[in-house]
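This report concerns only the one structure given below.
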Amino acid sequence: MKKLSLLTVASLLMLAIVTSCGNKSQYPGYKTTENGLDYQFYVQNEGELPQVGDLVEVTLACNVNDTTVIIPNSKNILKMAEPQFPSDFMEGLAMMHKGDSASFIVNIDSTFMYVFGAPTLPKEFKSTDVMRFDIKVNDFYAESEYVNKMIETMKAKDPEKTAQAEAELQEYLTTNDITVTPTASGLYYLMTKDGNGEMPVKENMVKVHYTGKLLDGTVFDSSVERGEPIEFPLGVGYVIPGWDEGIALMSKGEKGVLYIPWYLGYGDRGAGGLIQPYSNLVFEVELVDFK
């Protein structure tokens with residue numbers, strides 16, 4: 001029997017690995033991963049791949065049998081996670097570089113359960129129906145970079161209004177002799193009463209009293225007037241970015257004032273009747289408690 005050289009053995013092993021990563025699929029033009037995800041790339045680049053926890057900006061669509069639209073073609077931000085079931089499209093997303101585009105045929109039962117939160121498959125569908133995600137990766141980055149990305153995008157929308165809002169905030173700070181140094185994002189925080197030194201961390205439930213004002217002094221909301229502090233999980237986007245960042249700077253029992261630039265508040269949308277687009281905000285806050 002003829003012996004195989006080490007080079008030949010190595011080549012065969014490499015071929016086996018490559019083959020196992022892209023077995024022939026029952027769907028024309030597709031390959032199948034070991035976990036049963038059918039995939040087809042249209043554009044495939046090189047470079048870094050998204051990691052678990054990263055935020056991935058995608059253009060995404062989902063349909064069933066090429067006839068029923070589940071998600072129309074739209075831009076979304078997905079958080080990378082470990083696949084939750086065989087043929088989870090998250091496995092496919094982990095194979096995509098920036099600029100890649102691909103289609104993934106997934107298990108319809110599991111996708112409705114784990115992705116869309118439906119305990120059972122909707123009556124209009126069958127387990128044999130073909131559900132497909134079409135995805136293009138536009139960008140991805142660590143979750144910690146999200147606010148900076150958001151700020152860059154918002155400021156670029158209307159440079160003139162951005163400059164005007166910045167000038168208004170700086171004039172207010174100068175007039176009121178506020179000399180504290182801003183954070184990297186542009187948030188200003190002035191402590192008015194020290195706390196006990198115990199500081200909350202991400203996902204802690206915090207209890208906060210506040211009074212929110214516009215730069216002209218108009219009060220638009222106040223938990224103090226209602227007599228009931230607000231409670232929310234810190235750092236998960238439940239409140240405006242200026243609050244998530246600002247409350248994290250405080251310790252239990254501490255009082256202070258947050259001077260929030262428009263892009264860390266309600267942005268170019270505004271809120272309600274009083275908070276207009278591009279409004280800078282002032283919040284008198286007290287971190288009552290956290291757990």
Side-chain angles (χ1 to χ4, degrees), residues 52-57 76-81 139-155 157 162 165-166 169 173 178 180-215 220-224 226 228-272 274-275 277-291:
V52 171
D54 284 353
L55 298 179
V56 187
E57 294 183 359
N76 295 271
I77 297 179
L78 306 177
K79 186 172 183 178
M80 274 296 301
D139 199 2
F140 59 84
Y141 39 82
E143 186 176 11
S144 59
E145 297 179 25
Y146 172 70
V147 171
N148 290 334
K149 291 281 186 180
M150 179 194 70
I151 291 172
E152 291 174 7
T153 301
M154 294 178 70
K155 285 184 173 182
K157 277 187 177 181
T162 293
E166 172 65 19
L169 179 58
L173 295 172
I178 307 301
V180 291
T181 302
T183 66
S185 69
L187 174 72
Y188 293 82
Y189 173 61
L190 175 64
M191 183 179 69
T192 57
K193 177 189 173 184
D194 203 355
N196 68 358
E198 297 178 12
M199 302 179 71
V201 297
K202 184 177 179 179
E203 297 185 1
N204 276 166
M205 287 297 297
V206 295
K207 184 181 292 187
V208 179
H209 255 317
Y210 68 93
T211 296
K213 303 177 181 180
L214 303 178
L215 294 189
F220 56 81
D221 193 13
S222 176
S223 69
V224 177
R226 291 193 299 272
E228 184 67 33
I230 187 175
E231 294 186 56
F232 62 92
L234 183 65
V236 297
Y238 188 86
V239 292
I240 58 176
W243 263 53
D244 266 338
E245 182 181 355
I247 301 303
L249 300 174
M250 304 177 70
S251 65
K252 185 176 178 179
E254 186 171 327
K255 292 184 179 181
V257 185
L258 296 171
Y259 302 94
I260 301 178
W262 66 275
Y263 53 80
L264 295 178
Y266 295 96
D268 58 357
R269 304 180 312 279
L274 290 176
I275 304 176
Y278 295 90
S279 290
N280 302 299
L281 306 173
V282 178
F283 280 96
E284 298 169 358
V285 290
E286 175 188 3
L287 179 54
V288 178
D289 198 2
F290 67 86
K291 56 185 177 181

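We number each residue from 1, following the sequence as shown.
Nearest heavy atom pair, residue Gly246 against residue Leu258, reads CA-CD2, 3.6 Å. Heavy atoms only, all atoms of each residue included: Lys149 and Tyr141 are closest at CE-CD2, 3.6 Å. The minimum heavy-atom distance between Val224 and His209, with the atom names listed, is N-ND1, 3.8 Å. The two atoms that bring Leu187 and Pro261 nearest to each other are CA-CD, 4.2 Å, heavy atoms only. Residues Gly197 and Ser251 share a closest heavy-atom pair of N-OG, 3.3 Å. Minimum heavy-atom separation, Lys207 to Pro229: CG-CG, 3.5 Å.
In this structure, the ring of Trp243 has its center no less than 6.0 angstrom from the ring center of Tyr238. Here Phe220 and Tyr266 keep their ring centres 6.0 angstrom or further from each other.
In this structure, Tyr146 places its OH atom where only 12 or fewer heavy-atom neighbours from other residues, nucleotides or ligands lie under 6.0 Å away.
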Give the intermediate values and the outcome of side-chain contact (heavy atoms from CB on, under 4.5 Å) for residues Thr162 and Tyr278. CA-CA 7 Å; Thr162 293; Tyr278 295 90; 4.2 Å; yes
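Under the 4.5 Å side-chain criterion, counting only non-hydrogen atoms from C-beta, Leu264 is in contact with Val147.
The side-chain contact (heavy atoms from CB on, under 4.5 Å) test with Asn280 singles out one residue from Leu214, Leu169, Leu173, and that residue is Leu169.
Between Lys157 and Asp268 there is a salt bridge, since a side-chain N of the basic residue sits under 4.0 Å from a carboxylate O of the acidic one. Using a cut-off of 4.0 Å between Lys/Arg side-chain N and Asp/Glu carboxylate O, Lys79 and Glu143 are scored as salt-bridged. Comment: Lys213 engages Glu284 in a salt bridge, judged by a side-chain N to carboxylate O separation of less than 4.0 angstrom.
Side-chain atoms of Ser279 do not come within 3.5 Å of backbone N or O of Ile275 as any donor-acceptor pair. Counting only distance, with no hydrogens or angles, the side chain of Asn204 and the backbone of Val201 share a donor-acceptor pair below 3.5 Å. No donor-acceptor pair under 3.5 Å is formed between the side chain of Asp221 and the backbone N or O of Gly212.
Under the 3.5 Å distance criterion, with hydrogens and angles disregarded, no donor-acceptor pair is assigned to the side chains of Ser223 and Glu228. No side-chain N or O of Glu245 forms a donor-acceptor pair with one of Tyr189 less than 3.5 Å apart.
To the nearest 0.5 Å, atom CZ of residue Phe140 and atom CD1 of residue Ile77 are 14.0 Å apart.
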